[in-house]
Amino acid sequence: MSSRAPWRGQLGAVVWLVLIWNLLFGEFTVGNVLGGLAVAALVLVVFPLPAVAFSGRLRPLPLLRFAARFVVDLVSASAQVAWSALRFGREPRSAVIAVPLRVPTDLNLTLTAEALSLVPGSLIVEVDREAGTLYVHVLDVRARADVERARAQVLALEARIVRATGSAEEVRLVQAASTDRGVAR
Amino acid sequence: MTGVADVLSAVCLITGALLSLIAAIGLVRFPDVLSRMHAATKPQVLGLLLILAGIGFRLRTGADITTLLLIAVFQLATAPVAAHMVGRAAYRSELVRRDLLLLDEAAEAADGGRDPAARLG
């Protein structure tokens, strides 16, 4: 919301809170909308939050691609962790890896960390906000190759999120980085 | 049509319940706190989503489905935060089985004077 008027963010928050209030009651009525408005106003006055800097824009197609991939990852991650839980005889080894994100904004850091925590065997143990680095605990790591694959997966996830929500410049940043890596290998 | 929805509902409910059971088994069997958080966040989230979908296919009314959607959204938004807070607390208080870690780049960064814990306070 950096380039736009601050009240735009507030308005979005009010609409979102009224929507949730109505969903909680399960139906849209005049009373629920008025009650939702009252609650939204109270929440925004009592718990003011700093504005989220959002310089990009939402792109429907990459957003859809991210969502589809997220569901696939969620299912495969669940199967993988379930298999590790049921297998006998071997304790799963793991690793803590550092992944410096290419777009170190608060929003991207948060979205990537959230999505990452829900998918393939990964857990955020530490976040370095200044450097934009995520420290990720990866389950079931056997060799150095697994570590590098996990790192590449995190960066690919970040790229999908940036393509869906980032500004044109940020998208260029992740695209340039992924072609660099392609040349290096 | 009703029959199809009921079968879908049954499949979702049973798969969801199984995943939640496996998550519980993983919680008991995994060797340390960090590994256990994986079991607590992964199969359980998908398990709950499947159970919600199963209930949705069975109830088939607008008001119930919106409530189920809300539960799903809040689960997806809060589960990672809870897992991260527990994982971070465990890592910072050294409740980590170092012998199970293939490598630890957070500790390496700390040794190199870039201690993420110290920087964040």
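In what follows, chains carry the letters A, B, and so on, assigned in the order in which the sequence lines appear, proteins first and then strands, with residues in each chain numbered from 1. From a predicted model like this one, the values you see are computed outputs, not experimental measurements.
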Would the number of heavy atoms belonging to other residues, nucleotides or ligands and lying under 6.0 Å from CZ of B/Arg58 be above 12?
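Result for CZ/B/Arg58: open.
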Should we say atom CZ of A/Arg69 is surrounded by more than 12 heavy atoms from elsewhere, each under 6.0 Å from it?
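Atom CZ in A/Arg69 is not crowded, with 12 or fewer foreign heavy atoms closer than 6.0 Å.
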Heavy-atom distance under 4.5 Å between the side chains of [X] and [Y], does that happen here?
X       : Y       : answer
B/Phe30 : A/Val81 : yes
B/Leu46 : A/Val75 : yes
B/Ile22 : A/Trp83 : no
B/Thr66 : A/Leu24 : no

Can you name the closest pair of heavy atoms from [X] and [Y] and give their distance?
X        : Y        : answer
A/Val125 : B/Arg88  : O-CG, 3.2 Å
B/Thr67  : A/Leu23  : OG1-O, 3.9 Å
B/Pro80  : A/Leu118 : CG-CG, 3.7 Å
B/His84  : A/Glu126 : CE1-N, 4.2 Å
B/Met37  : A/Leu123 : CB-CD2, 3.7 Å

Using only non-hydrogen atoms and a strict under-4.5 angstrom cutoff, which residues of residues 70-78 of chain B touch chain A?
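Listed by number: B/Leu70, B/Phe74, B/Leu76, B/Ala77.
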Shared ILVMFWY cluster between [X] and [Y], side chains joined below 4.5 angstrom?
X       : Y       : value
A/Leu42 : A/Phe25 : yes
B/Leu50 : B/Leu21 : no
B/Ile65 : B/Ile51 : no
A/Val30 : A/Phe28 : no
A/Leu58 : A/Leu19 : no

Side chain, backbone, both or neither: which part of A/Ala79 has a heavy atom under 4.5 Å from chain B?
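No part of it gets close to chain B.
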Please classify the contact between A/Arg144 and chain B as side chain, backbone, both or neither, with a heavy-atom cut-off of under 4.5 Å.
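Both backbone and side chain of A/Arg144 come within 4.5 Å of chain B.
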Would the distance check show the side chain of B/Arg29 and the main-chain N or O of A/Arg87 forming a donor-acceptor pair, the cut-off being under 3.5 Å?
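Yes, because the side chain of B/Arg29 sits within donor-acceptor range (under 3.5 Å) of the backbone of A/Arg87.
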Between B/Gly47, B/Ala90, B/Ala79, B/Pro31, which has the largest tally of heavy atom pairs under 4.5 Å with chain A?
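It is B/Pro31.
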Which of B/Val45, B/Leu34, B/Val86 touches chain A most, by non-hydrogen pairs under 4.5 Å
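Counting heavy-atom pairs under 4.5 Å, the top option is B/Leu34.
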Roughly how far, to the nearest 0.5 Å, is OG of A/Ser94 from NE2 of B/His38?
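Nearest 0.5 Å value for the NE2-OG distance: 6.5 Å.
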